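These figures come from a predicted structure and were not determined experimentally. Position 1 is the first residue of the sequence; numbering continues from there.
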Amino acid sequence: MTKGKVVAIKEVDVSLDNALGDAVVEWRVSYTPDLEFQRDAVFYQGEGRIAVVSYKGFEAEIFCDGEMRCYNTETQESYRQTIHFLDAGIETDKQLREAHEKLEWDMNPWFDLYLYGEHLDDVQHDLVEAIASASAYVVEQYNNSRVIEGIDNLE
């Protein structure tokens, strides 16, 4: 990086359809997440299993893991649950980014993929990215099984 030059980070917007590809998502929470406004794990802390992504008999589960401890230096409030952010008026990813300067994080939640109870150590902080990762994983597992079975006309 050139000294003194400011580099902008381009935000890439990935739709759920692009993230899933040919895989299917089944939500395991009692609501359909609003992926347009709430992708960050902060909004799913404490939910546990969020979704199952599947493709032709192969599945990966998405869990929201980790504890959350965040301190708002402006209001001197501690946030440990999603409701604390919502009560503070931080209800969207955009508002969370805007509040970044006044938030000090000690611990934060994340999404991780699980397969039959074992975590795959595939950590994401954005739910759509976690879905994309799960989709890629299950499609790869299906294709690998076809190779192992000697079926060489992969779809």
Side-chain angles (χ1 to χ4, degrees), residues 1-2 5-70 79-86 90-100 103-155:
M1 179 159 58
T2 308
K5 183 177 179 180
V6 176
V7 178
I9 298 174
K10 183 178 178 184
E11 191 171 317
V12 178
D13 185 28
V14 177
S15 73
L16 179 59
D17 289 339
N18 286 342
L20 275 171
D22 293 327
V24 176
V25 66
E26 179 184 338
W27 299 109
R28 294 299 175 111
V29 287
S30 59
Y31 58 93
T32 300
D34 187 347
L35 298 177
E36 183 178 350
F37 298 104
Q38 294 180 330
R39 294 180 177 192
D40 194 283
V42 162
F43 300 109
Y44 303 94
Q45 192 276 335
E47 292 286 347
R49 186 169 59 168
I50 304 294
V52 175
V53 175
S54 61
Y55 180 74
K56 297 187 179 186
F58 291 83
E59 295 182 345
E61 297 176 303
I62 299 172
F63 277 75
C64 186
D65 287 344
E67 292 186 32
M68 182 163 53
R69 234 183 346 223
C70 181
Y79 304 155
R80 294 183 63 89
Q81 300 172 340
T82 300
I83 192 68
H84 298 146
F85 284 88
L86 301 178
I90 302 172
E91 301 175 359
T92 66
D93 293 324
K94 180 180 180 197
Q95 291 169 335
L96 185 61
R97 284 190 303 273
E98 290 170 351
H100 174 73
L103 300 177
E104 290 182 2
W105 293 90
D106 183 29
M107 296 169 37
N108 63 296
W110 63 88
F111 298 108
D112 204 344
L113 301 186
Y114 282 75
L115 183 62
Y116 306 114
E118 295 292 324
H119 86 49
L120 299 176
D121 201 23
D122 186 339
V123 174
Q124 307 292 331
H125 293 279
D126 179 297
L127 184 51
V128 172
E129 290 175 3
I131 291 168
S133 185
S135 174
Y137 178 80
V138 295
V139 169
E140 178 184 24
Q141 294 306 304
Y142 170 77
N143 289 333
N144 288 345
S145 76
R146 307 265 298 173
V147 170
I148 290 168
E149 292 171 3
I151 302 170
D152 53 358
N153 59 342
L154 297 179
E155 298 173 10

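Annotation: the span from C64 atom SG to H125 atom NE2 amounts to 10.0 Å, rounded to 0.5 Å. To the nearest 0.5 Å, atoms CG (L103) and CG (N108) are separated by 11.5 Å. Within the model, atoms CZ of R146 and CD1 of I148 stand 12.5 Å from one another, a figure rounded to the nearest 0.5 Å.
Residue V138 comes nearest to S54 through the heavy atom pair CG2-C, 4.1 Å, listed as atom of the first residue, atom of the second, then distance. Between V42 and T82, the shortest heavy-atom contact is O-OG1, 2.7 Å. Taking both residues in full, the closest heavy atoms of V29 and E47 are given as CG1-OE1, 3.6 Å, listed atom of the first, atom of the second, then distance. The two residues P109 and G66 have their closest heavy-atom pair at CB-O, 4.3 Å. Pairing each heavy atom of D93 with each of D40, the nearest pair is OD1-N, 3.0 Å.
Using a 4.5 Å cut-off on side-chain heavy atoms (C-beta onward), R97 and H100 make no contact. Residues W27 and P33 meet the side-chain proximity criterion, which asks for heavy atoms closer than 4.5 Å. With contacts defined as side-chain heavy-atom distances shorter than 4.5 Å, the pair F111/R39 does not qualify. Put simply, the side chain of Q45 does not reach to within 4.5 Å of the side chain of F85, judged on heavy atoms. No side-chain heavy atom of D22 sits under 4.5 Å from any side-chain heavy atom of Y142. Side chains of I62 and L113 form a contact here, defined as non-hydrogen atoms less than 4.5 Å apart. Q38 is listed as a side-chain neighbour of L86, based on a closest heavy-atom distance under 4.5 Å. Within the 4.5 Å cutoff, no side-chain heavy atoms of F63 are placed close to those of D112.
Partners of Y137 according to the side-chain hydrogen bond (donor to acceptor under 3.5 Å, both in side chains) rule, which considers only residues two or more places apart in sequence or in another chain, do not exist here. Residues satisfying the side-chain hydrogen bond (donor to acceptor under 3.5 Å, both in side chains) test with E61, not counting sequence neighbours, are R49. D106 pairs by the salt bridge (charged side-chain N to carboxylate O under 4.0 Å, His left out) definition with R69, not counting sequence neighbours. Not a single side-chain hydrogen bond (donor to acceptor under 3.5 Å, both in side chains) links E104 to another residue, sequence neighbours left out. For the salt bridge (charged side-chain N to carboxylate O under 4.0 Å, His left out) test, no residue two or more places apart in sequence or in another chain qualifies with E36.
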Donor-acceptor list for residues 115-122 side chains, cut-off 3.5 Å, not counting sequence neighbours:
| from | atom 1 | to | atom 2 | distance (Å) |
| --- | --- | --- | --- | --- |
| H119 | ND1 | D121 | N | 3.0 |
| D122 | OD1 | Q124 | NE2 | 3.0 |
| D122 | OD1 | S133 | OG | 3.1 |
| D122 | OD2 | S133 | OG | 2.4 |

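If you look at F43 and F37, their ring centroids are not closer than 6.0 Å.
Residue E67 qualifies as open at atom CD: its count of foreign heavy atoms under 6.0 Å is 12 or below.
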